[in-house]
Amino acid sequence: MKKEAAEVKKRKPVRRKQTLRVLYLQLLAVIGGVIGTVLHRMVLQYGMDEKELLIPNCPPYLALWIVLLGGLAGLAILSTKVGTESGYKANFPASIPAAAALVATGALFGVSSVMTLLEKSGDGIHKAGSILGLVAAAALVIWGVYRISGKKPAQWLGLAPCAYLVVLLIDHFRMWGRDPQIADYCFLLLSYVFAMLASFHLGGFALGEGYRRRSLFYAAGTVLLSVASLPTGDLVQTLHIVGLILWFLVGGPADLPKEKNPEL
């Protein structure tokens, strides 16, 4: 019995083959996000009364929720077909476009953090989040350099952006909590939640705890929600959103390498 138990512990987890390209998740996320953006603009233009309150049973608003929830459901289904390989090198091969996306996201996070630090308003959490944003920006740039060669980065590089997004979400939610109308910020809130979860799972690959399907679902979900949220963000939030779209659309897990046919 002891021998059998030891053998079970030594067994490696089953790796399921990829039967669907990552491109299809990305296309669904982008197309759904663009449709969401159009509907979101219609809500802002035609779905508000003179007091800037949402009209009851607003058709574009209901359609927006249907598109986003349907898109997330579709991404959840498609993500079950992308394989379960958890190795860092298999998911993050050498890629100049991915490296450029990470560097661009780091630059956008850095600019937005500097802009926030220069604001006269804001308490300690607000400023601390901006400082952490500079750390996250540097981590993403360094991670981008590693992506050029496909080498595995230091473990903290994946954790710094996740920590920044957690603090950013807390800071933003304090501001959004003063707004009595959830429709004003609900899609931005969801995009930040998905971004936090996506960055957490992406950072896990460097720790040897990567989950490919979850990472791709949350990454694509972030793109979907972020594109749909573009009409409501201010300048700083727009910089964040564009950075998140670039990072999770181009800099996330790639297609798995094709398995070689065994030699006869």
Side-chain angles (χ1 to χ4, degrees), residues 33 36-37 39-56 58 60-62 64-65 68-69 72 104-140 159-200 203 218-219 221-248:
T37 296
L39 291 171
H40 207 162
R41 290 189 181 279
M42 291 176 64
V43 172
L44 296 175
Q45 188 171 1
Y46 305 110
M48 300 290 181
D49 59 19
E50 62 278 1
K51 296 181 179 180
E52 296 297 322
L53 296 176
L54 185 67
I55 297 173
C58 174
Y61 185 68
L62 296 175
L64 177 56
W65 272 109
L68 294 183
L69 292 177
L72 291 175
T105 300
L108 290 169
F109 280 9
V111 171
S112 62
S113 296
V114 170
M115 292 175 62
T116 305
L117 283 172
L118 294 177
E119 293 177 355
K120 294 181 179 180
S121 60
D123 56 11
I125 295 178
H126 192 65
K127 300 298 182 182
S130 301
I131 295 173
L132 188 56
L134 295 176
V135 177
L140 287 167
L159 298 177
C162 180
Y164 170 55
L165 290 171
V166 170
V167 175
L168 190 67
L169 179 61
I170 294 172
D171 185 35
H172 279 36
F173 190 75
R174 294 188 306 159
M175 175 184 65
W176 292 331
R178 305 188 192 104
D179 190 335
Q181 183 167 252
I182 298 177
D184 291 338
Y185 61 85
C186 60
F187 303 114
L188 270 173
L189 172 62
L190 287 173
S191 69
Y192 278 125
V193 170
F194 266 70
M196 178 186 66
L197 293 170
S199 64
F200 172 77
Y218 286 119
T222 301
V223 174
L224 171 69
L225 294 165
S226 296
V227 174
S229 301
L230 282 171
T232 55
D234 57 24
L235 179 57
V236 173
Q237 289 172 340
T238 300
L239 292 176
H240 287 151
I241 291 171
V242 173
L244 293 174
I245 293 171
L246 288 173
W247 179 10
F248 296 125

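Residue numbers run from 1 in the order of the sequence given.
Put simply, the side chain of Ser191 never gets that close to the backbone of Ser226: no donor and acceptor are under 3.5 Å apart. In this structure, Thr116 contributes its side chain and Ser130 its backbone to no donor-acceptor pair below 3.5 Å. Gln237 places a side-chain N or O within donor-acceptor distance of the main-chain N or O of Asp234, the cut-off being under 3.5 Å. Judged purely by atom type and a 3.5 angstrom limit, Ser112 has no side-chain atom pairing as donor or acceptor with the backbone of Val236.
Residue Phe200 places its CZ atom among 12 or fewer non-hydrogen atoms of other residues, nucleotides or ligands, all under 6.0 Å distant. No more than 12 heavy atoms of other residues, nucleotides or ligands lie within 6.0 Å of CD1 in Ile182, so this atom counts as exposed by the packing criterion. More than 12 heavy atoms of other shown residues, nucleotides or ligands fall within 6.0 angstrom of atom CZ in Phe194.
Nearest heavy-atom pair, Thr37 versus Ala228, reported as atom, atom and distance to 0.1 Å: OG1-CA, 3.6 Å. Of all heavy-atom pairs between Leu72 and Gly221, the closest is CD2-CA, 3.9 Å. Between Leu224 and Leu68 the shortest heavy-atom distance is CD2-O, 3.8 Å. When all heavy atoms are compared, the tightest approach of Phe109 to Ala137 is CB-CB, 4.1 Å. Nearest heavy-atom pair across Val166 and Met196 is CG2-SD, 3.4 Å. Between Ala160 and Ala139, the shortest heavy-atom distance links the atoms CB-CB, 3.9 Å.
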Evaluation steps, side chain to side chain contact (heavy atoms under 4.5 Å, CB included), between Leu54 and Val43: CA-CA 8 Å; Leu54 185 67; Val43 172; 3.8 Å; yes
Intermediate values then yes/no, side chain to side chain contact (heavy atoms under 4.5 Å, CB included), Leu108 and Leu246: CA-CA 10 Å; Leu108 290 169; Leu246 288 173; 4.2 Å; yes
Verdict with reasoning, Leu197 to Thr222, per side chain to side chain contact (heavy atoms under 4.5 Å, CB included): CA-CA 9 Å; Leu197 293 170; Thr222 301; over 6 Å; no
Working for side chain to side chain contact (heavy atoms under 4.5 Å, CB included), residues Cys186 and Trp65: CA-CA 11 Å; Cys186 60; Trp65 272 109; 3.8 Å; yes
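Rounding to the nearest 0.5 Å places CG of Leu225 at 10.0 Å from CG of Leu189. Distance CD/Gln181 to NZ/Lys51: 12.5 Å, rounded to 0.5 Å. Rounding to the nearest 0.5 angstrom, the gap separating the CG atom in Asp171 from the CG atom in Leu132 is 11.5 Å. Between Tyr61 atom OH and Met42 atom CE the span is 15.0 Å, to the nearest 0.5 Å. Here the OG-CD1 distance, from Ser229 to Ile241, works out to 5.5 Å after rounding to the nearest 0.5 Å. Remark: Leu165 CG to Tyr192 OH distance equals 8.5 Å, nearest 0.5 Å.
Taking the six-membered ring for Trp and thresholds of 30 and 60 degrees, Phe187 and His40 have ring planes more than 60 degrees apart, a perpendicular arrangement. Aromatic ring pairs are classed by plane angle as parallel below 30°, tilted from 30° to 60° and perpendicular above 60°; the pair His240 and Tyr164 is perpendicular.
Partners of Phe248 by ring-ring contact (aromatic ring centres under 6.0 Å, His included), not counting sequence neighbours: none found.
You'll find the side chain of Tyr46 stays beyond 4.5 Å of the side chain of Cys58, heavy atoms only. Between Trp247 and Leu140 there is a side-chain heavy-atom pair separated by less than 4.5 Å. The side-chain heavy atoms of Leu117 and Ile131, taken from C-beta on, include a pair separated by under 4.5 Å.
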